[in-house]
Protein chains: 2
Amino acid sequence: MPVQKVTKVEVVKQALFLFKKQGYHRTSMSDLAVACGLLKGSFYHYFSSKDALMLEVLETVHQYFATRVFSIAYDETFPPRERLEKMIAKQIYVAASTEGGCLMGNMAIETALVTQEFLPKMREFFEEYLRALAHLYSSKFEPTIAQKLAEQAIVEYEGAWIMVKLTQNNQFLHDVHQHALERFDA
Amino acid sequence: MPVQKVTKVEVVKQALFLFKKQGYHRTSMSDLAVACGLLKGSFYHYFSSKDALMLEVLETVHQYFATRVFSIAYDETFPPRERLEKMIAKQIYVAASTEGGCLMGNMAIETALVTQEFLPKMREFFEEYLRALAHLYSSKFEPTIAQKLAEQAIVEYEGAWIMVKLTQNNQFLHDVHQHALERFDA
DNA sequence: GTCTATAAAACGATAGAC
DNA sequence: GTCTATCGTTTTATAGAC
């Protein structure tokens, strides 16, 4: 059958969904194939390996956040504080739209000390995230201070997801959002 | 005469070491057996399953922190701020003594949405952690404020480990320590 | 006939359990 | 050590679109 049952984009989307919820090692090629309506053998016409698929997922997530979330920080049609508010709201909204929180944070915890393969893409993501927040904070603070405030916001954001997973209480995300703004107003 | 090659305590210790570094799903029973100098078969003399072993590890970690770390919060031979300083220093020191950061945070990310088996023990740990910090902050702040400050400290602590894993820069832990004290002094 | 996305089967390796 | 199941991966064959 030369008619594709799913597109490559759809495969990446399903993989993101499963990797976020179940993690990398717990998600099997069979899980991924079934989610796409394929047999696991057929799956290799889309990706050469599980690693390659994960790299593509990480790249896709990075691109999405760069163009749709982090970009808000540089949109000069709004004042910095409003950009900060929009960007954080979007970040939380996007991550919370499917189960599992932040894929980048999850993969950092699960794979950083086991393989170096995913590290570069994860680091790029967080560097860009950091740059966006620091850019906003630097409209009111010294560069070194702005950098620290940005780091603090990211650290809080990632930590909040751990507590949300444990307690199933989204309040932690709201608090993080609030703190990021209070940090700006201080 | 069948002589135990290693004690149960030693097995738990090795399991903690590997689970922290490699995660639950990535660590095999073979890995664990080798680390203990046992054959795979001998391993089930100590634990009935991988799950049961993880539960024992979580319980051991909980007990250790309850008696050696969280207890500092209630030691009235020191003033609250000093207790806070000691407790956070100890928390970081203990977690940083072996690779992998905070087992409880790691397992929350890796398993919370896959199995409910480990949730109760992880929740107990964080409740006790929260109680200890809130107790200290409540020496200066209203209970509801103290609770929020405690939550913030834990969220930051867990998030910091993600950034440490990514950047291999322990500065994030130092900053968390500092913020926890600044929060007290505010 | 050729191309290609699929199903089907099977590979070696390794998982957890006994 | 041995078991069975399943892992990630590869191979083979088939079926439909050009």
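In the text below, chain A, chain B and the rest are named by the order of the sequence lines, each starting its count at 1.
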What is the separation between atom CZ on F47(A) and atom P on dA5(C), rounded to the nearest whole Å?
13 Å
Consider the side chain of S49(A), meaning its heavy atoms from C-beta on, and name the nucleotide among dC18(C), dA7(C), dT9(D) that approaches it most closely.
dT9(D)
Please tell me whether Q152(B) and H179(B) have a donor and an acceptor in their side chains that are separated by less than 3.5 angstrom.
no
L32(B) CG - dA15(C) C1' separation (whole Å)
12 Å
Indicate, yes or no, whether a donor-acceptor pair under 3.5 Å links the base of dG8(D) to the side chain of K40(A).
yes
State whether F19(A) and K50(A) meet the cation-pi test: NZ (Lys) or CZ (Arg) under 6.0 Å from the six-membered ring centroid, and within 45° of the perpendicular axis.
no
Compare side-chain N and O positions of K5(A) against OP1 and OP2 of dT6(C) and report whether any pair is under 4.0 Å apart.
no
Using whole Å, report how far CD of E117(A) lies from P of dG8(D).
14 Å
Between K50(A) and S42(B), who's closer to the 5' end of DNA chain D by nearest nucleotide?
S42(B)
Between dT6(D) (P) and R26(A) (CZ): distance, integer Å
12 Å
Listed nucleotide nearest any side-chain atom of L38(A), set dC7(D), dT6(C), dC18(C)
dT6(C)
Answer with yes or no whether the side chains of T77(B) and D75(B) bring together a donor and an acceptor at under 3.5 Å.
yes
Check the distance between dG16(C)'s C1' and H25(B)'s NE2 and give it to me in whole angstrom.
12 Å
N or O in side chain of Y44(B) less than 4.0 angstrom from dA17(C) OP1/OP2:
yes
What's the CG-C1' distance between L39(A) and dG8(D), to the nearest Å?
15 Å
Do H45(A) side-chain and dT4(C) base share a donor-acceptor contact under 3.5 Å?
no
Over all strands shown, is T27(B) touching base, sugar-phosphate only, or nothing at heavy-atom distances under 4.0 angstrom?
sugar-phosphate
So, does Y46(A) get its side chain near the phosphate of dT6(C), meaning an N or O under 4.0 Å from OP1 or OP2?
yes
For D31(B) and dG16(C), give me the distance from atom CG to atom P, rounded to whole Å.
8 Å
Less than 3.5 Å between a donor and an acceptor, one on the side chain of S28(B) and one on the base of dA15(C), is that the case here?
no
Whole-Å distance separating the CD atom of Q4(A) from the P atom of dC3(C):
18 Å
Heavy atoms of V69(A) and K90(A) approach each other most closely as CG2-CG, 3.8 Å
Closest non-hydrogen atom pair between Y137(A) and A180(A), with its separation
OH-O, 2.6 Å
